[in-house]
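One structure below.
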Amino acid sequence: MHALDSLPDALVFDISRNSTHDGPGIRTTVFLSGCPLRCRWCQNPESQQNTPGVWWFGRNCIGCLSCIAVCANQALSHSTEGIVIDRSRCGGCQACVSSCPARAMQPIGVRRNLGDLLAEVEKDRIWYEASGGGVTLSGGEPCSQPEFAVEFLTGCHQRGLHTALDTCGEAPTPDFARILDHVDLLLFDLKHCDDAAHRELTGAGLATIHANLRQAARRARQGEMKLWIRTPLIPGANADAQVLAAIGEFIRSELDGVVERWELCAFNPSCRTKYERLGMPWQYADLGLQSEAETAALLAVARSACGRAEMVRLQGIRRS
Amino acid sequence: MQFFQLAERIIAHGNGYGRFDQLLIGFYRRDLAAGRMTSDQARGWIAELFLKYGGNYFAVGGRSREGKDATNELSRIILEAYDLNGGDNNLGVMWHEEIDPAFFNFACEVLGRHGTGSPVLISYDVLRDSELRSGVSEEYAWDVAYSGCQWYCVVGREYNDQDLNSLVLLQPMQRAIHRAVAEGVADFEGLFQILSAETLATAKALRDFKNSTYMWQSRVWPEMVTSLCMHNTIERGRDCTDAGAVDYNLTSVNTLGVPNVSDSLYAIKRLVFEEKRYTLAEVELAVGTDWEGKELMRREFLNVEKFGNDLSGPDAMIVRVAEMVRGHLESLRQNKGGHFRASLFQYMGHTYAGPMLGATPDGRHATEPLAHGMNPMHGRNTRGLTATANSFCKVDFRKYQGGSFQIELEPSYFPEGIRRADLVEMFARTFFKLGGVQINLNIIAMEKLKRAMEEPEKPEYQAIVVKVTGYSSHFVIMDRKFQEEFIQRVNYPAL
């Protein structure tokens with residue numbers, strides 16, 4: 001109990017109930033803030049920081065300016081474009097969120113304690129049992145809050161709930177190992193197989209990721225957990241026959257017989273508004289959906305390269 | 001079949017068309033055995049009946065007198081006949097734990113394929129238990145049939161007066177707030193007691209109104225064909241609408257505005273009596289003037305936790321409000337001998353009654369519609385379908401005369417590689433296990449998405465969820481360019 005008493009609250013940026021796309025069945029996905037990677041295409045830019053913040057939803061704003069009045073750091077001002085956030089001054093106290101009557105100021109990252117979160121995910125137990133679902137811990141990178149991840153997943157197991165971990169694999173290997181002890185299904189991202197390209201695109205090389213993946217493969221081979229590989233299809237980065245063939249070849253040679261599913265996920269530009277709202281440039285802002293033909297060709301490459309066509313699935317909306 | 005067509009045109013109210021598969025199975029088997037027709041012909045004729053007369057309230061499935069699965073070969077043929085046509089229909093499939101799994105999965109497949117709410121999925125055991133609780137004997141209660149939007153009756157023995165009345169719960173609440181201000185009520189319990197008294201007053205007025213119509217009903221609005229189809233009407237020489245004609249006369253009351261009243265009470269409890277941010281007099285003034293000049297105050301009331309999010313506070317309040325209404329209605333008897341039953345449903349009043357009734361302390365403007373039946377107010381259930389279903393099923397529907405659960409889903413909600421029928425079936429089974437009584441499932445129309453793009457601020461569009469890639473998103477908060485792409489992408493005719 002002493003360990004739990006001193007356990008810091010988690011920083012959570014979203015909780016998604018009734019999720020049908022983060023593992024089998026109906027799931028509650030808990031998204032933890034903070035990520036060591038900076039993937040250029042990141043779909044959740046608000047999840048990168050491991051500190052709380054705020055963002056402004058202009059359509060909800062009624063112009064009462066109560067947010068500006070309560071900000072102790074003078075981080076907020078207003079212009080003809082609406083509320084302006086000076087992120088260098090924002091201390092993340094979220095007083096402006098509490099003061100906003102219109103839900104225009106919203107938190108990025110909320111502190112939640114272990115008991116609250118476990119109670120939250122337990123509410124849908126009947127749906128997990130009916131559908132073969134459970135709880136998925138995602139991010140950000142959930143291993144960036146390792147103490148909490150271990151306790152949370154342990155708590156899920158104590159309650160008999162199936163656990164999945166959605167990870168990029170970039171985490172200190174001892175932390176990763178402690179967390180995997182409580183995982184039934186690992187959703188592991190493989191974005192690229194070339195170390196230099198991976199470093200260029202995400203900010204980190206493959207050494208740690210591959211070490212963690214080998215560890216995961218060992219556990220999967222021993223039947224301790226299941227392993228799914230996930231690959232986002234990013235135009236100009238890895239949505240390319242050669243790159244995909246290399247990933248497939250890696251899966252065939254290094255992970256033979258231990259991967260239950262390989263999911264390809266079509267690129268989606270709908271997060272561009274998140275970048276606008278955060279005032280961050282995004283190189284993919286003008287791209288559209290990928291075409292059905294393009295993704296079908298990539299699917300065929302992946303199926304042939306990994307040697308087990310039936311385990312490859314294509315997810316996400318495409319242009320017909 | 002011909003007789004059904006005839007009856008369908010003449011029949012008026014107070015009853016449905018019964019359990020289609022039970023009524024026709026004897027004829028079907030004899031004609032098949034005698035070589036008078038084939039099952040293909042039977043399917044074709046039923047499909048033509050549906051095509052011609054559309055929305056018959058026919059029920060299939062359910063249990064037999066012995067409590068066993070009553071599904072037969074015609075149950076499936078009836079669904080196949082609908083499957084040939086698609087479109088609007090009011091078929092109801094009555095589920096129970098022992099129902100033929102292949103048949104129920106097929107029903108879910110048909111529902112998922114057409115995506116327009118047909119067949120309606122209903123929990124037979126909740127219907128039967130509700131009838132038993134209303135005083136129907138065990139000898140007859142097993143033969144209950146889904147028979148209207150969310151109505152049900154015991155075939156041939158019950159005259160269920162429905163739809164032709166409504167208890168508009170907003171008005172007792174408005175009177176209660178007025179009285180509580182005048183009397184200087186100091187706590188929430190005081191307000192609730194007054195609300196209870198005012199609701200009883202409204203229920204009594206409704207009883208008096210119904211009693212006066214029942215004095216005349218059989219003379220001005222007899223239902224002759226229905227009477228011929230019912231037990232004891234000929235023996236007793238009375239039309240089925242007359243007192244003393246049929247075994248069971250029950251009056252089911254559409255209760256309008258339960259979620260709005262409950263959310264209003266919860267907001268008042270929190271902001272007036274607990275946090276003391278406002279006085280009740282200020283609330284009365286603000287809603288009386290449709291929140292004129294009180295936008296900040298309105299937002300505060302709107303931002304209090306709401307029903308439909310699996311939160312204990314607001315969910316407990318709605319159960320309490322519904323039970324209060326139910327208790328009063330059940331305490332009253334009409335002059336046909338039956339009692340009043342609360343129905344957590346409204347078939348259209350919620351869309352047009354709003355402006356006539358004024359603003360409400362849940363943060364609702366007068367111009368906004370009311371919540372649909374017992375479903376959460378538009379845009380206020382923000383934690384996903386399972387959370388809403390959990391909230392909804394905290395009500396014990398065996399004590400009420402129905403309450404349908406409305407779902408609008410985007411096709412992309414269904415993940416690739418999983419049969420849509422299986423997901424629908426899993427949802428339905430779990431919903432019924434939680435105690436739910438009826439599911440109306442829609443897969444959303446493109447026109448609605450287009451309108452949502454034009455007017456994204458409207459609350460009725462807030463709940464539309466679409467699956468994007470690895471995550472789901474509310475349609476209205478998505479990037480406009482993406483919305484356009486999405487609409488182009490969605491292939492509705494293929495559903």
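Keep in mind the model is a prediction, meaning the values are calculated, not measured. Proteins come first, then strands; the chains are lettered A, B, ... in the order of their sequence lines, and each starts at number 1.
In this structure a side-chain-to-backbone donor-acceptor pair under 3.5 Å is missing from A/Asn18 to B/Ala387.
Side-chain atoms of A/Trp127 and B/Asn390, non-hydrogen and from C-beta on, do get closer than 4.5 Å to each other.
For the options A/Leu314, A/Asn60, A/Asp124, heavy-atom pairs under 4.5 Å to chain B are most numerous at A/Asp124. Highest contact tally toward chain B, considering only A/Thr28, A/Ile62, A/Ile15, is held by A/Ile62 [criterion: heavy-atom pairs under 4.5 Å]. Ranked by heavy-atom pairs shorter than 4.5 Å toward chain B, the options A/Glu120, A/Arg59, A/Glu263 are led by A/Arg59.
A 6.0 Å sphere centred on CZ of A/Arg277 holds more than 12 heavy atoms belonging to other residues, nucleotides or ligands. Taking a 6.0 Å sphere around CD of A/Glu81, one finds it holds 12 or fewer heavy atoms contributed by other residues, nucleotides or ligands.
In this structure, no portion of B/Arg429 lies under 4.5 Å from any heavy atom of chain A.
With rounding to the nearest 0.5 angstrom, the CG atom of B/Asn309 is 8.5 Å from the NZ atom of A/Lys123. Rounding to the nearest 0.5 Å places OG of A/Ser19 at 12.5 Å from CG of B/Leu385. Taking CD1 of A/Ile26 as the start and OG1 of B/Thr386 as the end, the distance is 6.5 Å to the nearest 0.5 Å.
When every heavy atom of B/Asn303 is checked against every heavy atom of A/Cys100, the shortest pair comes out as ND2-O, 4.3 Å. Taking every heavy atom of both residues into account, A/Ser131 and B/Met426 meet most closely at CB-SD, 3.7 Å.
Of the residues listed (B/Met297, B/Arg299, B/Arg298, B/Glu295), the one engaging A/Pro101 in a side chain to side chain contact (heavy atoms under 4.5 Å, CB included) is B/Arg299, and it is the only one.
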